[in-house]
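Only one structure is covered here, and it is reproduced in the block below.
Chain letters run A, B, ... following the sequence lines, proteins first and then strands; every chain starts at 1. Fair warning: this is a prediction, and the values are worked out from it, not measured in the lab.
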Amino acid sequence: MSTRKLLSTTHFHPIPLIVRNSIQLVQNCTTPPNPPFIPKGPSVLATTLIKSYFEKGLIREARTLFDEMPERDVVAWTAMIAGYTSCNNRTHAWMVFCEMMNEELDPNAFTISSVLKACKGMKCLPYGRLVHGLAIKHGLDGFIYVDNALMDMYATCCVSMDDACMVFRGIHLKNEVSWTTLIAGYTHRDDGYGGLRVFRKMLLEEVELNPFSFSIAVRACTSIGSHTFGEQLHAAVTKHGFESNLPVMNSILDMYCRCSCFSEANRYFYEMNQRDLITWNTLIAGYERSNPTESLYVFSMMESEGFSPNCFTFTSIMAACATLAFLNCGQQIHGRIIRRGLDGNLALSNALIDMYSKCGNIADSHQVFGGMSHRDLVSWTAMMIGYGTHGYGEEAVELFDKMVRSDIRPDRVVFMAILSACSHAGLVDEGLRYFKLMVGDYNISPDQEIYGCVVDLLGRAGKVEEAYELIESMPFKPDECVWGPFLGACKAHRFPNLGKLAAHRILDLRPNMAGTYVMLSNIYAADGKWGEFARLRKLMKRMGNKKETGRSWVEVGNHVYSFVVGDEVGSKIEGIYQVLENLIGHMKESGYVPDLDCLVYDLEDGT
DNA sequence: GTAGGGTTAG
């Protein structure tokens, strides 16, 4: 498009001032600058501006400018597709691509690789295949960027890696990106062995290694939990001179954390010559999974070193508060999240629902859930688990039905949540209905854990024989996920013979579980079999097997008080026994009769 | 003037 044509619309000018000024600048240049000045056409200027708008997140401005361009070439269209994709707006990227096709413009390799990235982001295989067809039609397959993007799309959208591998095999001159994309494809679907196989082939074929190939290979080691392979790669990273590359260092740190090698992780962290926010987040997330108190300590260190937490940091911290039941701390961080305007983040909101629920504040979980503009499967599951653990079975059932009406397909975890909620609220028929729905309508085959939930549902309600019939009908050998709740039901509802059977099945599978011995000995005691009771307790002593002591803690003011049975916590927290007495009073009024038999036996054991 | 692979959360 000529400058004259553009300027002819000056009176009702649709082009933004900045472009007009640039054009003016070009026009006013009487002496060409040195080096020789090549005036750019308006389409070039507008395209550059579109790209920079997207880089700044100014999506609407980019679109307005694009709509006002009198002539739009393939580069401008591609800039729009790539821009929308980079701002996670893949649907619009796809719509722009369709619009471009309708205008019968020929895409180039840039267009195809950009739109494939959008298909990958949408996890939409039919669109991806359509673009693959168009690439062939326009003779663009064979361009390395297109082939690599096709691999990436197939690796992300397909159930298997077959299509991605087929594209990979067809690439005549593979580059480093082709190899890394294939390794990432395997690794991101949790097939670390597949990823490492490709990496090994890459070594054998003497393809040049770069930091990208190392960080994804380290991630593959992490996904299989092999710190042995991880350490070998760590040595290889040093040998290749990439030990100062931050993303590589971060993936090594993550590997040590996820393989539970915390002394190595800690040493590595302190030896790192540079750290970024991801480094800190990796260590915080690593500790959150195994030692939440330490993760809070690392968080305070991070802040004292001047790093500002982001959504990732806060999500880990919320999970730590949830595990530790630190309501005060969680509330303070929630305040900071709101002040920072991060409360719209989906993962963070999900973590908040979980934190409030685990800290006993289900009303605030509900408030966070209700205030979310967008919810995913995790949001619904977290809320349902919260209702379940607080005994709100009816609310959990309502939520499940609402979720299905919102077109969200329940998965195995949601069914576990609803079954557990029904179980704790005594909603046996409802629970069984969901079990049938899961198998019949959603085609989810029940596994050990699901069977465990249904056994628990029946067992808690006293339907111990029905639970046993279900176990007998299982198509595979039940494990401790099934026998565990069954044993609990036998003890609670006094079915000593079935209880003994369950306990022996668990001991066959896990001979060192002290809790099972305690349960079994209590069943014998309740049945008056004192000889068996004494034999088991002696056996436990000989084995040096001790049940882990149950510990409780309560947050008062800024302190967390932790105690076991018999601790004189009352002297530390004034009024705690008064609260306990009030609670016991309420429980008695509600008709609760404590199981004093078991209490005596447990005290004897000191647990 | 437009396109690629790697590290952190749920």
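- A:R412 meets the side chain to side chain contact (heavy atoms under 4.5 Å, CB included) test with A:M416, A:I444, A:D447, A:E449, A:I450; sequence neighbours excluded.
- For residues 203-227 of chain A, every residue pair satisfying the side chain to side chain donor-acceptor pair (under 3.5 Å) rule, not counting sequence neighbours, is listed here: A:E176-A:N210, A:N210-A:S213.
- For residues 85-97 of chain A, proximity to DNA chain B is found at no residue, defined as any non-hydrogen atom under 4.0 angstrom from a strand atom.
- Using a 4.0 Å cutoff on non-hydrogen atoms, the parts of residues 304-320 of chain A near DNA chain B are A:F312, A:T315, A:S316, ordered by number.
- Between A:F262 and A:Y287, the two ring planes are parallel [angle under 30°; tilted spans 30° to 60°].
- Not a single donor-acceptor contact under 3.5 angstrom links the side-chain atoms of A:T181 to the base of B:dG5.
- Within 4.0 Å of A:L116, counting heavy atoms only, lies no atom of the nucleic acid at all.
- Proximity of residues 234-254 of chain A to DNA chain B (heavy atom under 4.0 angstrom from any strand atom) is restricted to A:N245, A:P247, A:V248, A:N250, A:S251, A:D254.
- In this model, the phosphate group of B:dT2 is approached by a side-chain N or O of A:K51 to a distance below 4.0 Å at OP1 or OP2.
- The CD1-C1' distance, from A:I171 to B:dG5, rounds to 12 Å in whole Å.
- For A:D73 and B:dG1, a side-chain-to-base donor-acceptor distance below 3.5 Å is present, hydrogens and geometry of angles not being considered.
- Checked by atom type, the side-chain pair A:N250/A:T279 shows a donor-acceptor distance below 3.5 Å.
- No contact: A:D276 has no heavy atom under 4.0 Å from any strand.
- Cation-pi geometry between A:R275 and A:F269 is met: under 6.0 angstrom from the ring centre, within 45 degrees of the axis.
- Using a 4.0 Å heavy-atom criterion, one finds that A:L277 contacts no nucleic acid atom at all.
- Within 3.5 Å, no donor on the side chain of A:S114 pairs with an acceptor on the base of B:dA3, nor the reverse.
- Among the heavy atoms of the strands lying under 4.0 Å from A:A82 are primed sugar atoms or P, OP1, OP2 only; no base atom is included.
- Taking the ring centroids of A:F168 and A:W179, they lie under the 6.0 Å cut-off.
- When heavy atoms are screened at a 4.0 angstrom cut-off, A:N175 is found touching base atoms of the nucleic acid.
- For the pair A:Y84 OH and B:dT2 C1', the interatomic distance rounds to 16 Å; values are reported in whole Å.
- Taking 3.5 Å as the limit, the base of B:dG1 and the side chain of A:T48 contain no donor-acceptor pair of atoms between them.
- Side chain to side chain, A:D376 and A:S379 meet the donor-acceptor criterion of an N or O pair below 3.5 Å.
- The closest side-chain donor-acceptor pair between A:T313 and A:N281 falls under 3.5 angstrom.
- Look at A:R258 and you'll find a side-chain N or O under 4.0 angstrom from OP1 or OP2 of B:dA9.
- The aromatic ring centroids of A:H366 and A:Y356 lie 6.0 Å or more from each other.
- At whole-Å resolution of the value, NE2 in A:H188 and C1' in B:dT8 are 12 Å apart.
- Contacts between residues 279-299 of chain A and DNA chain B, counted as heavy-atom distances below 4.0 Å, involve A:N281, A:T282, A:A285, A:E288, A:R289.
- With ring centers used as reference points, A:W280 lies 6.0 Å or more from A:F299.
- When all heavy atoms of A:C257 and A:T282 are compared, the pair lying nearest together is SG-O, 4.2 Å.
- Put simply, the side chain of A:E103 reaches to within 4.5 Å of the side chain of A:W77, judged on heavy atoms.
- With no hydrogens or angles considered, a side-chain donor-acceptor pair links A:T111 and A:N108 at under 3.5 Å.
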